[in-house]
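Residue numbers begin at 1 in each chain, while the letters A, B, ... track the order of the sequences.
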Amino acid sequence: MIEYIIRRLIALIPIILVLTLVVFSILHMTPGDATVIILGSEYTEELGAALRKELGLDQPMLVQYAKYVFKLLQGDFGMSYVTRAPVMDQLSVRLVNTFWIVICAMVLCVSLGIPIGILAATRPNSVFSQSMMVVSLMGVSMPIFWLGLLLILLFSVYLGWLPSSGMDQGFLSLILPAVTLGFNYMANIMRTTRSSMLEAIRQDYIRTARAKGVTEHAVIYDHALGNALMPTITIIGLNVGMLLGGVVLTETVFSIPGTGRLLVEAINQRDTPCVLGALVVMAFCVAISNLIVDLIYAYIDPRVRAQYRR
Amino acid sequence: MESSSAPKRNFTTKKEFYRQFRKQSIAYELWLRFMKNPTAVLGLVLFVIIVLGAILAQTLADYDTVVIKINIGNRLHGPSWDHWFGTDELGRDILARILHGARVSLLIGIAAVGVSLFVGGAFGAVAGYYGGRLDSLIMRAMDVFLCLPDVLLAMAIVAAFGKTMVNLVIAIGLSFAPRFARVVRSAVMGVRENEYVEAARSIGARDLWIIRHHILINCMGPIIVQVTLYVASAILCIAALSFLGLGIQAPVPEWGNMLASGRTFMRDYPYIVIAPGLAIFFSILALNLLGDGLRDTLDPRLKQ
């Protein structure tokens with residue numbers, strides 16, 4: 001197993017490298033001179049040329065890329081053009097906020113989505129099941145940023161229960177962003193759990209279990225659930241990417257200083273090292289979460305586990 | 001069931017023959033199957049309404065005099081008979097802006113999916129048809145892009161090339177392409193082994209011809225379904241980028257940038273963010289329902 005994890009971690013390196021190369025070359029094509037942005041009104045020909053030399057911007061792109069990667073492997077994301085501070089400092093401060101929002105959203109969605117999905121599958125034609133399907137359809141179609149605005153209107157403006165922006169009220173200020181970010185995700189988890197449960201319940205081994213006189217509770221939770229959870233785990237893992245895309249919007253709606261906000265600000269200020277840093281970190285998180293899903297798969301499913309032994 | 005109970009046919013006229021024959025056609029059967037699915041029909045109706053709104057937008061409200069012309073005297077009026085959804089912070093009719101926004105969203109959404117279908121479809125078809133090393137090379141490359149959420153990839157492209165409509169189409173199109181490559185690849189792999197492909201190859205057809213005339217035609221079902229669903233995602237993506245200020249720029253009306261500019265006034269004038277949001281919501285809902293309905297119609301085995 002450990003060998004497998006190490007192999008997968010090594011396989012991550014080319015993925016991250018290719019991805020940085022692509023993003024690096026896309027951003028390299030940005031028209032205009034970076035030194036003009038950095039120096040602003042102080043810009044003169046000589047200062048610009050000196051700075052270009054200092055930052056290595058006068059070298060060919062591939063050389064710049066190689067240097068960037070070399071630093072990246074040491075955890076150095078370069079200097080921000082705007083603040084002139086290491087990008088790493090900004091990222092590490094902001095990642096904490098993003099981390100909490102994403103974790104809260106995930107916990108909320110998994111702990112609500114799976115049980116609701118199971119209940120909806122075990123009572124397929126009930127009012128509960130039907131209404132949950134409507135909710136999940138709404139969830140899939142709901143734009144995150146609009147949901148956020150509506151929640152602010154309801155819970156902060158009219159009811160005054162929860163803060164509408166910032167992170168200064170601890171857990172309270174996490175509730176609305178987490179719900180906003182997670183609604184879509186929860187709808188997906190719910191739909192997947194329901195349909196894979198429905199599938200599992202129709203299998204022969206469930207009929208056998210029922211025929212043997214196993215209680216309905218044990219049939220559902222011991223026999224069906226273990227098999228039905230696999231697609232749900234896939235969805236939970238695959239959609240981490242979706243969550244990170246959504247976090248950009250959520251942080252904008254709730255004015256939270258997180259990685260997503262940093263990315264948008266950096267794009268608007270044309271702060272290339274910062275954009276690159278934020279994107280690389282996010283891609284890394286997605287790659288890691290995909291790896292975790294595969295590991296959970298191997299842990300739960302004996303067939304997959306057997307494959308990795310080979 | 002219908003067809004087996006009506007075997008007695010008297011083709012007295014040619015017209016009558018065609019009428020009988022039409023009932024048997026695959027398209028007609030599919031249409032009947034589609035119409036039996038109430039949510040799919042709801043999706044189709046909603047989508048037709050949105051498309052009609054987009055087509056008639058210019059007739060209903062003139063772009064230059066109503067949609068982008070600032071009229072401060074009319075600013076932030078609530079919904080009324082003259083302005084069904086009220087007016088925005090610059091005194092422009094929100095309904096008119098939503099209708100013109102539908103044009104922008106649909107055009108860019110469909111064009112972007114076209115780009116990703118072309119790029120992703122080409123890679124996916126080649127990977128699925130040839131298999132082996134080429135397949136794993138292409139798909140590994142696509143997997144790399146799947147590590148980055150599509151909104152973020154689109155953001156990076158727009159950031160580099162500027163916020164024009166064409167760049168937006170390319171950005172969204174390219175960021176969806178890896179997903180299409182996967183869809184097309186698996187569809188192609190499903191039909192690759194069929195006898196008619198072997199037959200075509202045995203009479204000396206070239207690969208490209210086989211892919212175009214036999215393979216792609218026979219995987220249209222799943223591709224059409226995915227196109228519908230991805231137009232929804234593309235519309236959502238445009239709205240998201242515009243909301244962040246990286247998409248369609250003012251004064252051009254777009255649902256996402258309407259929400260972004262209305263946000264500031266939402267505490268006192270909530271209707272300003274309700275209507276554009278509803279427009280996004282219903283478009284995505286319509287396309288999702290339509291896509292699911294098409295899937296059930298084209299592949300009844302998947303339906304539970």
Side-chain angles (χ1 to χ4, degrees), chain A residues 14-19 22-23 25-31 124 137-138 140-147 149-150 152-153 156-158 164 195 198-199 202 238 240-249 252-253 260 263-264 266-268 270 272 275-276 278-279 282-287 290, chain B residues 39 140-141 143-163 171 174-175 229 232 235-237 239-246 255-256 259-260 262-263 266-268 270 272-274 276-289 292 302 304:
Chain A
I15 293 183
I16 297 293
L17 282 184
V18 174
L19 202 72
V22 172
V23 178
S25 28
I26 291 176
L27 292 176
H28 194 81
M29 289 180 225
T30 314
L137 196 62
M138 282 177 62
V140 175
S141 311
M142 185 71 101
I144 287 185
F145 41 102
W146 190 50
L147 178 67
L149 293 178
L150 293 184
I152 291 178
L153 269 181
S156 327
V157 178
Y158 291 125
S164 65
S195 65
L198 280 174
E199 183 92 353
R202 279 185 299 168
L238 277 185
V240 169
M242 205 181 79
L243 277 184
L244 286 178
V247 105
V248 180
L249 294 161
T252 306
V253 171
L263 180 62
V264 178
I267 288 180
N268 281 328
R270 303 183 47 195
T272 312
V275 175
L276 200 57
L279 286 175
M282 285 188 167
F284 189 69
C285 293
V286 176
N290 287 348
Chain B
T39 53
R140 285 298 83 73
D143 282 348
V144 170
F145 290 98
L146 286 177
C147 272
L148 206 57
D150 38 28
V151 178
L152 298 188
L153 193 56
M155 279 169 77
I157 299 176
V158 172
F161 298 108
K163 305 162 188 173
L174 288 184
S175 59
L229 295 174
I235 290 178
L236 197 58
C237 196
L241 288 174
S242 304
F243 181 78
L244 294 171
L246 300 170
W255 301 331
L259 280 179
R263 242 180 106 184
M266 133 184 128
R267 274 163 202 275
D268 300 314
I272 204 170
V273 295
I274 303 284
L278 281 176
I280 306 175
F281 175 70
F282 278 115
S283 324
I284 311 294
L285 184 70
L287 285 161
N288 279 338
L289 291 176
D292 287 346
L302 287 175
Q304 290 170 355

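Chosen from A:Asn290, A:Leu147, A:Leu244, A:Leu279, the residue pairing most often with chain B at heavy-atom distances under 4.5 Å is A:Leu279. Taking B:Ile274, B:Leu153, B:Leu236, B:Ile157 one by one and counting their heavy-atom pairs under 4.5 Å with chain A, the maximum is reached by B:Ile274. Between chain A and the options B:Gly277, B:Ala141, B:Ser283, B:Ala240, heavy-atom pairs under 4.5 Å are most frequent for B:Gly277. When each of B:Arg267, B:Arg263, B:Lys163 is checked for heavy-atom pairs under 4.5 Å with chain A, B:Arg263 comes out on top. When each of A:Val253, A:Val23, A:Leu263 is checked for heavy-atom pairs under 4.5 Å with chain B, A:Val253 comes out on top.
Atom OG1 in A:Thr272 sits 12.5 Å away from atom CD1 in A:Ile26 (nearest 0.5 Å).
Using a 4.5 Å cut-off between heavy atoms, A:Val22 touches chain B through its side chain atoms alone. With a 4.5 angstrom heavy-atom cutoff, B:Phe243 touches chain A only via side-chain atoms. Contact of A:Val275 with chain B is not made at all, since no heavy-atom distance falls under 4.5 Å. Looking at B:Leu278, the atoms closer than 4.5 Å to chain A (heavy atoms on both sides) sit in the backbone and in the side chain alike. Looking at A:Phe284, there are no atoms closer than 4.5 Å to chain B (heavy atoms on both sides), in backbone or side chain. For A:Leu150, the part lying under 4.5 angstrom from a heavy atom of chain B is the side chain only.
B:Ser175 and B:Ala154 get closest at one heavy-atom pair: OG-CB, 3.9 Å. Closest heavy-atom contact between B:Ala232 and B:Ile284: O-CD1, 3.2 Å. Closest of all the heavy-atom pairs between B:Ile280 and B:Ala239 is CD1-CB, 3.8 Å.
In this view, B:Thr39 and B:Asn37 satisfy the side-chain hydrogen bond (donor to acceptor under 3.5 Å, both in side chains) rule, not counting sequence neighbours. Considering only residues two or more places apart in sequence or on other chains, B:Asn288 meets the side-chain hydrogen bond (donor to acceptor under 3.5 Å, both in side chains) condition with A:Ser141.
With A:Trp146 contributing its side chain and B:Val273 its backbone, the two residues share a donor-acceptor pair below 3.5 Å.
The side-chain contact (heavy atoms from CB on, under 4.5 Å) with A:Val248 is formed by just one residue from the set B:Val151, B:Leu244, B:Leu246; it is B:Leu244.
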